[in-house]
Each structure stands twice: as C-alpha cells, then as structure tokens.
2 protein chains.
Amino acid sequence: MSSISKETLQRLPAYLRHLKELQKQGVENVASKAIAKVFNYTSVQVRKDFASISEEAGKPKTGFSVNRLVKDIAEFLGYNNINEAVLVGVGNLGHALLSYSGFKDYGLDIVGAFDINPNIKLVHGHKIYNLSKLESFIKRFNILIGIIAVPKDSAQDICDLMIGAGIKAIWNFSPCNLVIPENIAIINEDMASSLALLSQRLSKILKKEKNQ
Amino acid sequence: MSSISKETLQRLPAYLRHLKELQKQGVENVASKAIAKVFNYTSVQVRKDFASISEEAGKPKTGFSVNRLVKDIAEFLGYNNINEAVLVGVGNLGHALLSYSGFKDYGLDIVGAFDINPNIKLVHGHKIYNLSKLESFIKRFNILIGIIAVPKDSAQDICDLMIGAGIKAIWNFSPCNLVIPENIAIINEDMASSLALLSQRLSKILKKEKNQ
DNA sequence: ATAATATCGATAATCGAATATCGATAAAAA
DNA sequence: TTTTTATCGATATTCGATTATCGATATTAT
Ligand SMILES: NC(=O)c1ccc[n+]([C@@H]2O[C@H](COP(=O)([O-])OP(=O)(O)OC[C@H]3O[C@@H](n4cnc5c(N)ncnc54)[C@H](O)[C@@H]3O)[C@@H](O)[C@H]2O)c1
Ligand SMILES: NC(=O)c1ccc[n+]([C@@H]2O[C@H](COP(=O)([O-])OP(=O)(O)OC[C@H]3O[C@@H](n4cnc5c(N)ncnc54)[C@H](O)[C@@H]3O)[C@@H](O)[C@H]2O)c1
C-alpha cells in the first residue's frame, strides 16, 4: 500500500480489465508472470504494482487471488463511488462521450451536458442544456469534474467558467493549453501526442524491415 | 539532434501548437523560460527538448527563433508527409474521429472507413465501406495505419484482420489488450487511464482543501 | 517424509528522465 | 567602451521507475 507512482496508477485500469476477464473465465489465481506476459511487462513490475494497492501478499507457487485483486484495484481507483461530471460541447466528440456507457465502469457519470447551439436538444437520452445554465447547474449539484469538448478557441472561456462555478478537475479534449490556477487538476487528452508516438514506432518498424 | 526520449516526443505536439500560436501573434523569438512557464516545465527541460530535435542553437538574451522551431518540430513529427489510415467501426466514436478535421494537421488522413453495419453509408462526406472490403482496401492502397473503434469483443478480430492485410501500426480506442506480433506498433488510447490520473489528482486537491 | 519447483517479497543495481549548476555569450544599459 | 543582464549549452546531480538478484516458502512430485 502507501504511495503510488503515476505510472503504476495508469497501468491499473488495464490490469483490472484483464483480471475481470480472468474472473469471468473462472480463473481463481494468477501469477505475476502470466500477467506480465499479456502486457509485455516484467513480472517484478507487476508484483510491485500489485503491492502498491493491495495489502494481500501473493503466495509462492500459486500467485495472486484474482477476486481479491479485482476488489482491491476497483476500490483503489474509486470505481465504487461514482463521480459526477458535466460535459460542455456536444458536437461530434461530445456526442460520442455522452453516448458512451463505459464511463460508469470507471466511476464517472456525466450528469449534465451543455452546448451553445440551441438546436442540440437531446442526445442518447440526455437533455442538452444551454450554456447559460452551466454555472448554476455546477453550483446546485456541486459538480467537481468538467469535460471540455468545444472548439479550441472557446476552450479557455469554458474552462474559466467551470472553475468560477466550482469545478476542481478538468478533462480537456480540446487541443490547447489551458491556463488554470494551481489548485485545479487537469488532464489534456492529447491525441496528437499519442499519434506522435505511434508514428515514431511505425517509422522504426519500417526502417528495421528495410534493413533485413 | 540524435536520439529522442519518449517523453520529449510526446511533448512536441503541444510545443508546436503553442509556437504556432506565437507565430500567428507575430512573435519572432522566444525564451525557453517563457515556454516553460506556459506548460509548467523547467526551462532546462524545454531547452533539452528543443536541442533534441533542432540543430539550431538558441541565442543568449534572445532565445529561439519561433519560425525555426515550428519548422523543425513539424519536420521531426513528420507533419509534412501525410500518413494514410483506415478506420474500422463507425459508431459514436468512429463518427467523431472521421468527422475530425484536425488529424490532417498531425499528418494523418483517414482514407477509408469500414463498418459491419450496412446501414451506415456516409459520414461527413466519407463513404463507409463494408467490412468485407477492408482487406483488399488495405492491400490495394498499401495502408500502414489502422484505427480500431469497434466494441471490445470485436477488437481482436479486427486487429488480426488488419495485420493480416499488412497494417503495421494500430491506434486502438477499444478498452482491451490486443495480442499482436512484435513487429507491429500499437497505441491504446485508454481513457480509463487518463481518468484514473485525473481522479487521483482531484482527491489530492480535495484533501488539501479540507486540511486548511 | 523429502526433494524439486514455481512463485513470492525485499533489497540492490541499473536506467532514463528531470533538474540544478555554472561558465560562456549576445544584447542592452550605463 | 565597459558593465550588467538575460539567456544559452554542457555537464553533473538527483530523482523516480524499472529490472535483476536472491533467500524464503507454499505446493507438487517423488
Ligand atoms: N472529433 C474528434 O474526434 C476529436 C478528436 C480530438 C480532439 N477533438 C477536439 O474536441 C473538440 C470538439 O470536437 P468536435 O469534433 O466535437 O467539434 P464540433 O464542432 O463537432 O463540436 C463542437 C461543439 O461545441 C459547441 N460549442 C462551440 N462553442 C461553444 C461554447 N462556447 N460553449 C458551449 N458549446 C460550444 C458547438 O455548438 C458544437 O456542438 C475540439 O476542440 C476538437 O479539436 C475532437
Ligand atoms: N464513445 C466513446 O466516447 C468511447 C470512449 C472510449 C472508448 N470507446 C470505445 O470505442 C469503441 C467504439 O465505441 P462507440 O461508442 O463508437 O460504440 P458504438 O457501438 O457506437 O459503435 C461501434 C461500431 O462498430 C461497428 N462494429 C461492430 N462490430 C464490428 C466489426 N466486427 N467490424 C466492423 N464494425 C463493427 C458497429 O456497427 C458500430 O457502428 C468501443 O470499444 C468503446 O469502448 C468509446
């Protein structure tokens, strides 16, 4: 238990998904080595990751209890107590996010969606509110998480509006760097950054193939 | 120049966006310190990042040429020569990806989109092909990048199909761990992982506020 | 009952990335 | 012209994360 590294934290959701899969297949125990193989990690890393979120030790020759790991990771990630969020910008991407049923598995519930365009009224059973209602909604329901899916030129305005109303954590899908006070959490979902990595790995692979 | 770290690579797109913004504002030179402030990095890190992709040195008292940096980063990231990609799964998310005009700025062009559902015919000017056409399409146009936006239970099948047809790099939006040979590049766009981080940071902030 | 084996946890070593330091230098100010 | 200042690049240090090692132990096989 105790402190946890950023890297470990980011691996946890994937472990959890895999372990739930094993659970579904009726697997009761699993060795760190087997999990390591699936994700291309070392077994030491897997054990360390598990050690940082679970009190329970693995057993020699047997491994870890799948049920116990599932319970501990879900607990650690807070998947049991749901966080409520607002979404601003219900265009192409906002539409997808709003329709996605998977977030509730991750402890996230989009309880209010807002757009400046009055023609967008209903998406996947969610009523879309006018942007003018955002502030009072956040305050009234004490929402702490805001999701930004507006064009980049509006993103800073929405960000400021959210923070002014009480939002403490922002998940930003707009490709821009938002200026925020230091007591606010932010994650930029930067697809360009992922693409840069993919593209570099592709180049390496192609280069290797050529030299053979 | 020479080798580049994964971390640096992933920061480059954000630098580039910011530098283009400065360029638009007519700024000619910029100090590493100023950029560091925007992104909450140290100036040393910014200088190191720049050094790893540009031959040109910064000048004392003046900083770096914005134009030159924009040129060198765009060049390095390969934003000038466009990579063609296929997309499989044109549901909510696939729809958003296909409609997104921003990818071409990152050197990516989705030239073919496929779905198993024959009712999905046209999205944002893109004709949607039946899945049965995927293999021949990839082969015919020599596509190297595949984007997966199908439900997770179909993701491995699509992945195998893509690789069989010649795809070398996969951008996977499905929340699952795909099994691939080692000469294939993959990036999992794992939103749960981002959320885990955001949620942890939020907790920290709330804890801090409470203790004040 | 004993030996062999798979797996563990703890600790140590390595690795890679971020940061600090400092001497050099271009530009601006005196 | 000289001094001051902002900024740089190179090098050294620190930090955090990954990987290697090894003794301990639960299970399985003999
Ligand atoms: N579509 C994608 O796949 C994708 C991928 C990566 C990033 N993004 C980013 O996500 C954001 C949204 O992309 P999109 O494709 O959905 O764009 P979009 O144009 O389809 O949707 C934007 C929506 O925001 C609304 N809007 C505009 N200004 C607003 C404001 N001030 N307040 C409230 N609503 C406002 C618009 O009415 C529209 O409904 C953009 O910043 C885009 O760069 C999108
Ligand atoms: N919607 C989101 O915001 C979001 C966010 C994160 C991850 N994802 C993931 O992205 C994937 C797609 O999500 P979505 O919301 O668009 O789902 P969706 O159900 O709206 O769309 C899935 C599409 O895939 C098609 N499809 C199904 N099986 C196929 C196959 N074998 N070959 C080709 N096409 C097939 C379906 O016809 C449908 O059009 C899912 O794995 C989801 O978990 C979605």
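All values below were derived from every heavy atom in this structure, side-chain atoms included, with hydrogens, water molecules and symmetry-related copies excluded. Proteins come first, then strands; the chains are lettered A, B, ... in the order of their sequence lines, and each starts at number 1.
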Check your understanding: Mind checking what makes side chain to side chain donor-acceptor pair (under 3.5 Å) contact with A:E56, not counting sequence neighbours?
Key ->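 Listed in chain order: A:R68.
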According to the interplanar angle, ranging from 0 to 90°, do the rings of [X] and [Y] count as parallel (below 30°), tilted (30 to 60°) or perpendicular (above 60°)?
| X | Y | answer |
| --- | --- | --- |
| B:F103 | B:Y100 | perpendicular |
| A:F64 | A:F50 | perpendicular |
| B:Y79 | B:Y106 | tilted |

Check your understanding: Taking the six-membered ring of A:F39, is the NZ or CZ of A:R11 close enough (under 6.0 Å from the centre) and on axis enough (within 45°)?
Key -> no
Point to revise | Residue closer to the 5' end of DNA chain D, B:R47 versus A:V44 (nearest nucleotide) | key: B:R47
Is [X] reaching over with its side chain to a backbone N or O of [Y], donor-acceptor style, under 3.5 angstrom?
| X | Y | value |
| --- | --- | --- |
| B:N172 | B:S174 | yes |
| B:S193 | A:Q10 | yes |
| A:H126 | A:H124 | yes |
| B:D109 | B:V111 | no |
| B:E28 | B:S65 | no |
| A:S203 | A:S199 | yes |

Point to revise | Neighbour count above 12 (heavy atom, 6.0 Å) for B:Q25 CD | key: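 For B:Q25, atom CD is crowded (more than 12 foreign heavy atoms under 6.0 Å).
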Review point. Any luck finding a side-chain donor-acceptor pair between A:D49 and A:T8 under 3.5 Å?
Key: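 A:T8 and A:D49 do have a side-chain donor-acceptor pair below 3.5 Å.
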Point to revise | Any donor-acceptor N or O pair under 3.5 Å, side chains A:Q23, A:N67 | key: yes
Output a table of nitrogen or oxygen pairs between the protein and nucleotides 25-30 of chain D separated by less than 3.5 Å.
none

Exercise for review: Would you indicate what B:F64 reaches in the nucleic acid, counting non-hydrogen atoms under 4.0 angstrom: base, sugar-phosphate, or nothing?
Suggested key: sugar-phosphate
Using a cut-off of under 3.5 Å, enumerate the N/O to N/O pairs linking the protein to nucleotides 14-18 of chain D.
unit_1: D:dT18; atom_1: OP1; unit_2: A:R11; atom_2: NH1; d: 2.9
unit_1: D:dT18; atom_1: OP2; unit_2: A:R11; atom_2: NH2; d: 3.1
unit_1: D:dT18; atom_1: OP2; unit_2: A:Q45; atom_2: NE2; d: 3.2
unit_1: D:dT18; atom_1: O5'; unit_2: A:Q45; atom_2: NE2; d: 2.8

Check your understanding: When you measure from every atom of DNA chain D, which of residues 13-32 of chain B have a heavy atom less than 4.0 Å away?
Key -> B:A31, B:S32
Review point. Going by heavy atoms closer than 4.0 Å, what residues in residues 194-203 of chain A are next to DNA chain D?
Key: none
Check your understanding: Where does the chain A footprint on DNA chain C start and end, counting 5' to 3' with a 4.0 Å heavy-atom cut-off?
Key -> C:dT5 to C:dG9
Check your understanding: Can you check whether B:I35 reaches B:V30 side chain to side chain, under 4.5 Å on heavy atoms?
Key -> yes
